[in-house]
Amino acid sequence: MSRFIALLPAAGSGSRMASSTPKQYLPLLGEPLMLHTLRALATVAQIEQVVVVLSPEDEWFDLVETALAAPGDHAHPGHAALAQKLRVLRCGGASRAETVRNGLRELASTLDAADWVLVHDAARPCLQAGDVIRLIDSLQSDPVGGLLAVPVADTLKRADAAERVATTVSREQLWRAQTPQMFRHGALLAALSSCADSNITDEASALEAQGLAPRLIMGSERNIKVTYPADLALATLYLQAATSA
Ligand SMILES: Nc1ccn([C@@H]2O[C@H](COP(=O)(O)OP(=O)(O)OP(=O)(O)O)[C@@H](O)[C@H]2O)c(=O)n1
Ligand SMILES: C[C@](O)(CO)[C@H](O)COP(=O)(O)O
């Protein structure tokens, strides 16, 4: 029976956030942003391990450990599952792809090639467990794997050097990729290891480079990637809406 492991690349510097604190550690509703992400994955019963991949130079993760260790009456109900499933690796690389590849290599001795790995950005804290469960249910018998994504709803413009419209790009059959992206450990590690373009920005691209066609699974607009300062307010609203639903 294949297992399901979550792998969170969390070794970025958050340059677009323009903060001295890496964005994955910025406060969100009074807790480190990454803790919301970790909990969202740990509460999914099928996920056996939540592996976070940090930079070797990371000096911030104790913020998460301190929050996790909060005494009983202040503990979040999801912390027991997270404490039991959490594994920390300090092998992050210079790119997201390198971080994921290094994490997969570290896990190789403990996983079967057929085990599923759900790669999820630490910077996507508004992920809902229901979307992860739908991803797993939809793909666990798939020959390739796939990813959460949402169809493009806006008209798309390609800009010229002067930031004027050069052309309008058809949005037909265009989707915006999200995470988790779910692939079998052996296939994903092989694809990332042989992918010549180390600038690929998601796992699916590595499988596509092998001639494979990952499946697109409908995600949620709320599963935003916190990239720019304005995203923090939106993530706060989405998390508050989720807890009051
Ligand atoms: N070398 C890197 C770069 C990014 N990431 C992770 O990949 C996810 C998505 O990347 P992105 O949003 O680009 O994060 P940053 O690279 O930190 O942001 P920026 O590009 O603005 O510097 C984040 O959780 C980030 O921590 C990583 O693990 N290792
Ligand atoms: C993986 C991803 O979140 C899918 O949209 C995105 O490609 C990450 O891009 P980033 O520049 O590393 O944030």
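Note that the structure is a prediction, hence the values are computed from the model and not measured. Read the numbers this way: they start at 1 and go in the same order the structure lists the ligands and their atoms.
A single hydrophobic cluster is not seen to contain both Leu147 and Leu188; linkage of ILVMFWY side chains at heavy-atom distances under 4.5 Å, directly or through other members, places them apart. Put simply, Ile47 and Val52 are part of the same group of oily side chains (I, L, V, M, F, W, Y) that touch within less than 4.5 Å, one to the next. Linking ILVMFWY residues whenever their side-chain heavy atoms come closer than 4.5 Å, directly or via other members, places Val117 and Val53 in the same cluster. Linking ILVMFWY side-chain heavy atoms closer than 4.5 Å, directly or via other members, places Leu8 and Leu68 in a single hydrophobic cluster. A single hydrophobic cluster is not seen to contain both Ile5 and Leu118; linkage of ILVMFWY side chains at heavy-atom distances under 4.5 Å, directly or through other members, places them apart.
Taking any N or O of Asp121, backbone or side chain, none lies under 3.5 Å from an N or O belonging to ligand 1. For a threshold of 3.5 Å applied to N or O pairs, the pair formed by Gly14 and ligand 1 contains at least one separation below that value. Looking at Val226 next to ligand 1, no N or O pair under 3.5 Å apart turns up. Annotation: Ser13 places an N or O atom under 3.5 Å from an N or O atom of ligand 1; distance criterion only. Looking at ligand 2, you won't find any N or O of Thr179 less than 3.5 Å from one of its N or O atoms.
Closest protein heavy atom to atom 13 (O) of ligand 1: Arg16 NH2, 2.8 Å. Looking at atom 24 (O) of ligand 1, its nearest protein heavy atom turns out to be Pro9 O, 2.9 Å. Nearest protein heavy-atom neighbour of atom 29 (N) of ligand 1: Thr99 OG1, 2.9 Å. For atom 6 (C) of ligand 2, the nearest non-hydrogen atom of the protein is Thr201 O, 3.6 Å. Atom 12 (O) of ligand 2 has its closest protein heavy atom at Arg96 CD, 3.6 Å. At the shortest separation from atom 1 (N) of ligand 1 among protein heavy atoms lies Gly93 O, 2.9 Å. Nearest non-hydrogen protein atom to atom 9 (O) of ligand 2 is Lys225 CE, 3.9 Å. Here the protein heavy atom with the shortest distance to atom 5 (O) of ligand 2 is Ala177 O, 2.7 Å. Scanning the protein for heavy atoms near atom 3 (O) of ligand 2, the closest one is Asp121 OD2, 2.6 Å. Ranking the protein heavy atoms by distance from atom 10 (O) of ligand 1 puts Arg96 CD, 4.3 Å first.
Checked by atom type and distance alone, the side chain of Arg16 never pairs as donor or acceptor with a backbone atom of Val226 at under 3.5 Å. Checking side-chain atoms of His79 against main-chain N and O of Ala83 turns up no donor-acceptor pair under 3.5 Å.
Ion pair Arg96/Glu203 flagged as a salt bridge, since at least one NZ, NE, NH1 or NH2 atom sits closer than 4.0 Å to an Asp/Glu carboxylate oxygen. Under a 4.0 Å N-O distance rule, the pair Asp131/Arg134 qualifies as a salt bridge. For Asp115 and Arg3, the salt-bridge test passes: some basic side-chain N is under 4.0 Å from an acidic carboxylate O.
Looking at Ala11 against ligand 1, both its backbone and its side chain come within 4.0 Å, counting heavy atoms. Under 4.0 Å from ligand 1, not a single heavy atom of Glu98 appears. Residue contacts with ligand 1 for Arg124 are absent, since no atom lies close enough (heavy atoms, distance under 4.0 Å). Counting heavy atoms closer than 4.0 Å to ligand 1, residue Ser95 contributes backbone atoms (N, CA, C, O) but none from C-beta onward. Residue-level proximity to ligand 2 for Arg124 is carried by the side chain, the only part with a heavy atom below 4.0 angstrom. Only side-chain heavy atoms of Arg16 come within less than 4.0 Å of ligand 2; its backbone N, CA, C and O stay farther off.
Between Trp60 and Tyr25, the ring-plane angle classifies as parallel under the 30° and 60° cut-offs.
Between the side chains of Ser220 and Gln178, no donor N or O sits under 3.5 Å from an acceptor N or O. Checked by atom type, the side-chain pair Ser55/Glu57 shows a donor-acceptor distance below 3.5 Å. Side-chain atoms of Asp202 and Gln181 include a donor-acceptor pair closer than 3.5 Å.
Taking every heavy atom of Asp202 and a limit of under 4.0 angstrom, the matching atoms of ligand 2 come to 1 (C). Those atoms of ligand 1 with a heavy atom of Ala123 less than 4.0 angstrom away are 24 (O). Interface atoms of ligand 1 facing Ala10, defined by a heavy-atom separation under 4.0 Å, are 26 (O), 28 (O). With ligand atoms numbered from 1 in the order given, ligand 1 contributes 1 (N) to contacts under 4.0 Å with heavy atoms of Ala94.
Taking a 4.0 Å cut-off on heavy atoms, Lys23 registers as neighbouring ligand 1.
Ile224 belongs to a hydrophobic cluster whose remaining members, ordered by chain and number, are Leu234, Tyr238; membership requires side-chain heavy atoms of ILVMFWY residues under 4.5 Å apart, directly or through intermediates.
In the candidate list Ala18, Gly12, Pro125, Ser55, Gly12 is nearest to atom 4 (C) of ligand 1, counting heavy atoms.
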Let me see the working for Lys157 and Glu163 under salt bridge (charged side-chain N to carboxylate O under 4.0 Å, His left out), right down to the final yes or no. CA-CA 10 Å; Lys157 306 289 184 185; Glu163 291 197 348; over 6 Å; no
